[in-house]
Amino acid sequence: MQQAPRNTIEKIRDSHRVLNDDGSDLLYVDRHYLHEGSHHAFARMREAGRQLRHPELTFGVADHYAPSSSTRATDVTGTMISRLRRNAADFGIDSFDIGDPRRGIVHVAMPEQGLTLPGMTIVCGDSHTATHGAFGAFAFGIGASEVAHVMATQCLWQKPTPVMRIDVTGQLQQGTTAKDLALAIIGRIGTGGATGHAVEYGGSAITALSMEERMTLCNMTIEMGARSGLVPPDEVTFDWLKGRPLAPSGPAWDSALSHWRTLTPDEGARYDRRFEMQAAEVAPMVTWGTSPEHVAPVNGRVPEDADPDALGYMGLIAGMPVEGLGVDRAFIGSCTNGRLRDLQAAANVLKGRRVAVPLLVSPGSDAVARAAEDSGIADIFRNAGAEWGASGCSLCVGMNGDQVAPGERCASTSNRNFRGRQGPGARTHLMSPEMVAAAAVTGRITDARTLLQEELPA
Amino acid sequence: MKPITTLCGAAAALPLGNVDTDQIIPARFMSRSRSEGYGEQCFHDLRFDGAGRPHSDFALNALPRPPAVLVAGDNFGCGSSREAAVYALLDYGVQAVVSSSFADIFRSNAGKNGLLTIQLAEAELSRILAALKADPGKDAEVDLPAQTLRIGEMETMTFDIDAGLKHRLLNGLDDLSATLQNEDQIATFEGRYFANAPWVRPDPRS
Ligand code: SF4
């Protein structure tokens, strides 16, 4: 009997199903990533006297509490990092500690090392694990109970996730990015638009994206309510992975590659939900409120029917234009937009200019930081008057010493504009790296395309 | 995990949509251990101002004690995967959350810690929110075996729940013990899987 056509997620699920019990799959996990926040799960393992089933498939990294500047390190950042160090050592896990050249934000560093591979199941106690779906992996965030479960069994119970297909055709316009695309999709379908689903992306605009851009898009997929986002692997994926330190090599690479080539969705594959849009409709986007769906094009306005609570928190008025709104500071970094291409894009705007408000740049990993130093990008930031910090989650989340002060407005490349995300009372406006750079230069929300077209002051 | 059959207590409304995990438990409290508890930190920045004084306009602050049944707007628990959001609600005193939709990971975390998530149709939810707005702290009762929810004098409502989850909640079972009984099948799977795809194991070179 011929098998029914399958989408990529179904293919991955089928090859990882250990057993099915009453509609739930026990799925085998290929990669388990840990960070300082995994302390709850380690505590449970200790209490129960359990060992990790596969420490060699488990990797840790210090990122959430890694201070971007030693002057902002606190007791808590030190405690959390050393707790991870001790847990990793006790349980025999390779963990990228402060000073390890492989260290970075988990969703930046693990792909760089070649640990994230197509067709894999990847989990981490972090919702933005969806990022790894950019490589054609089925990757999703889990809570502490599930982290402990994977530690002990290398497996996870999952109901078959319905799959939503998002097709984006055409071409992104000059000056618009994967971040704008992600925000535009969230603006259309809402933060609940993909709830309970795994998203599989397709269409000409998606295959045209670089690996970095695919990571940005899959990263933000969680903000659509989805648990994971995935781009089927192709030559772009394979080229990016080849030669990475922990990726397969030699004959193992060839055999992996022949498997990876089978992962594209079959002709006629079934999807539980669909959404389509044209890439050309995407403009540079800016969030105005306290949810990623509170978003508008830079040349648009805060909606007339905007949520009054969000407006109150953000200190805005319904109907006001987005462009021109003053900001107090700016942040470039995070697992959404902390990769070399993101820094390069921001540097293109900053080159030969000065920042008008404090700009903190935290590269997504130490490898990104080194590459930015080597290529002169770091100097462009420094010369523009930005602070060039150490890599880590930094100002994406107010828990590592970096915070936005109450009431301050921050232009940020991160992924969440929730109340208090960057610190109590902080007001976050999400946008692309070039848009944040433009806001830092003018001190106002500005269409970066106008700066890029302008002749530079001599 | 304690088995759950029926829950009784006061119900109160948090009439906000998209209540995210940063609001349920701000990230800066995430370094706490489970035994330290998270009850004081639940909804911290909504409950308290910068000086630690209770906000008078936060609905739950007007109640004599935290509600056992919390009724909230749609997409409750969106955002991060932090299970501490569930610990915080439980430690605060919430035993069931009612909404028209929940974020995926939050719902899964809730089930694993014995916090009931009750999903109702939007129209039903709006009726409850309106009733609780007029009269906060109405007594509520959840009957898990019967899958019913009663709030004050309102008509009893029924809700759906996954059969497996219901079984685990009623019996206070966790997934891990069940999985460990399938140890043989995991080992068999691994034998076949790694023979076919040895490259899944990372290849340390250099
Ligand atoms: S950069 Fe932000 S979103 Fe990404 S892992 Fe760190 S805290 Fe989470």
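Per chain, numbering begins at 1; letters A, B, ... match sequence-line order. The model shown is predicted, which means the values in this text are computed figures rather than measured ones.
Ring pair B:Tyr38/A:His40 is tilted by interplanar angle, where 30° to 60° counts as tilted. A perpendicular orientation is assigned to the rings of A:Trp260 and B:Trp199, their planes being inclined by more than 60° (bins at 30° and 60°).
To the nearest 0.5 angstrom, B:Thr21 atom OG1 is 7.5 Å from A:Arg421 atom CZ. Note that CG of A:Asp30 and CZ of B:Arg201 are 11.0 Å apart. Values are rounded to the nearest 0.5 Å. For the atom pair OG (A:Ser291) and CG (B:Asp20), the distance works out to 8.0 Å, reported to the nearest 0.5 Å. Between atom CG of residue A:Asp22 and atom NE2 of residue B:His167 there is a gap of 9.5 Å, rounded to the nearest 0.5 Å. Rounded to the nearest 0.5 angstrom, A:Trp157 CH2 and B:Leu165 CG are separated by 14.0 Å.
At distances below 3.5 Å, at least one donor-acceptor pair connects side-chain atoms of A:Arg31 with backbone N or O atoms of B:Val200. Of the possible polar contacts, one joining the B:Glu83 side chain to the A:Ser145 backbone as a donor-acceptor pair under 3.5 Å is found. The main-chain N or O of B:Gly79 is found under 3.5 Å from a side-chain atom of A:Arg416 such that the two form a donor-acceptor pair.
Counting non-hydrogen atoms of neighbouring residues, nucleotides and ligands closer than 6.0 angstrom, the CZ atom of A:Arg46 exceeds 12 such neighbours.
Only the side chain of B:Tyr87 comes within less than 4.5 Å of a heavy atom in chain A; its backbone stays farther off. Interface residue A:Arg17: only backbone heavy atoms are found under 4.5 Å from chain B. Only the side chain of B:Asn18 comes within contact range of chain A, with heavy atoms under 4.5 Å apart. Both the backbone and the side chain of A:His149 have a heavy atom closer than 4.5 Å to some heavy atom of chain B. Within the 4.5 angstrom heavy-atom criterion, only side-chain atoms of A:Phe59, from C-beta onward, approach chain B. The contact between A:Ser15 and chain B is made entirely by backbone atoms, counting heavy-atom distances below 4.5 Å. Proximity to chain B (any heavy atom under 4.5 Å) is shown, for A:Pro424, by both the backbone and the side chain. Neither the backbone nor the side chain of A:Ala43 comes within contact range of chain B; no heavy atoms are under 4.5 Å apart. For A:Gln113, no part sits under 4.5 Å from any heavy atom of chain B, backbone or side chain. For B:Asn113, the part lying under 4.5 angstrom from a heavy atom of chain A is the side chain only. Interface residue B:Ser33: only backbone heavy atoms are found under 4.5 Å from chain A. In this structure, chain A has a heavy atom under 4.5 Å from the side chain of B:Phe194, while its backbone stays farther away. In this structure, chain B has a heavy atom under 4.5 Å from the side chain of A:Val76, while its backbone stays farther away. Contact of B:Arg107 with chain A is not made at all, since no heavy-atom distance falls under 4.5 Å. Neither the backbone nor the side chain of B:Ala197 comes within contact range of chain A; no heavy atoms are under 4.5 Å apart. Heavy-atom distances place no part of B:Ala110 under 4.5 Å from chain A, backbone and side chain included.
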Using side chain to side chain contact (heavy atoms under 4.5 Å, CB included), reason through B:Ser108 and A:Arg227 one step at a time and then give a plain yes or no. CA-CA 11 Å; B:Ser108 154; A:Arg227 200 155 184 183; 4.2 Å; yes
For A:His39 and B:Arg34, what are the C-alpha separation, side-chain angles and deciding distance, and is it a side chain to side chain contact (heavy atoms under 4.5 Å, CB included)? CA-CA 10 Å; A:His39 65 99; B:Arg34 186 69 187 89; over 6 Å; no
Checking A:Arg50 against B:Leu180 for the side chain to side chain contact (heavy atoms under 4.5 Å, CB included) test, could you report, in this order, the C-alpha distance in whole Å, the side-chain angles of both residues, the deciding distance, and whether it holds? CA-CA 12 Å; A:Arg50 293 188 209 286; B:Leu180 290 169; 3.3 Å; yes
Do A:Leu26 and B:Gln185 pass the side chain to side chain contact (heavy atoms under 4.5 Å, CB included) test, and can you show the C-alpha distance, the side-chain angles, and the key distance before you say yes or no? CA-CA 10 Å; A:Leu26 186 65; B:Gln185 271 173 284; over 6 Å; no
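The side-chain heavy atoms of B:Ile186 and A:Cys155, taken from C-beta on, include a pair separated by under 4.5 Å. Proximity of B:Asn75 to A:Thr195: side-chain heavy atoms (C-beta onward) are separated by under 4.5 Å at one or more points. Contact of the A:Thr191 side chain with the B:Cys78 side chain is not registered, since no non-hydrogen atoms from C-beta on lie closer than 4.5 Å. Within the 4.5 Å cutoff, the side chain of B:Ser31 has no heavy atoms near those of the A:Thr79 side chain.
Of the listed residues (B:Asp74, B:Asp162, B:Ile105), the greatest number of heavy-atom pairs within a distance under 4.5 Å of chain A belongs to B:Ile105. When each of A:Glu146, A:His197, A:Gln403, A:Glu293 is checked for heavy-atom pairs under 4.5 Å with chain B, A:Glu146 comes out on top. Of the listed residues (A:Asp309, A:Ile222, A:Ile142), the one with the most heavy-atom contacts under 4.5 Å to chain B is A:Ile142. Among the candidates B:Glu190, B:Arg82, B:His44, the residue making the largest number of heavy-atom pairs closer than 4.5 Å to chain A is B:Glu190. Of the listed residues (B:Asn196, B:Leu16, B:Thr188, B:Thr179), the one with the most heavy-atom contacts under 4.5 Å to chain A is B:Thr179. Annotation: maximal heavy-atom pairing with chain B below 4.5 Å, among A:Ala148, A:Ala144, A:Ala252, A:Ala48, occurs at A:Ala144. Of the listed residues A:Lys159, A:His128, A:Glu223, the one with more heavy-atom pairs under 4.5 angstrom with chain B than any other is A:Lys159. Across A:Ala256, A:Gly37, A:Gly192, A:Gly141, the residue that shares the most heavy-atom pairs under 4.5 angstrom with chain B is A:Ala256. When each of B:Asn109, B:Asp174, B:Asp104, B:Leu46 is checked for heavy-atom pairs under 4.5 Å with chain A, B:Asp104 comes out on top.
In this structure, A:His16 has its ring center at least 6.0 angstrom away from the ring center of B:Phe189.
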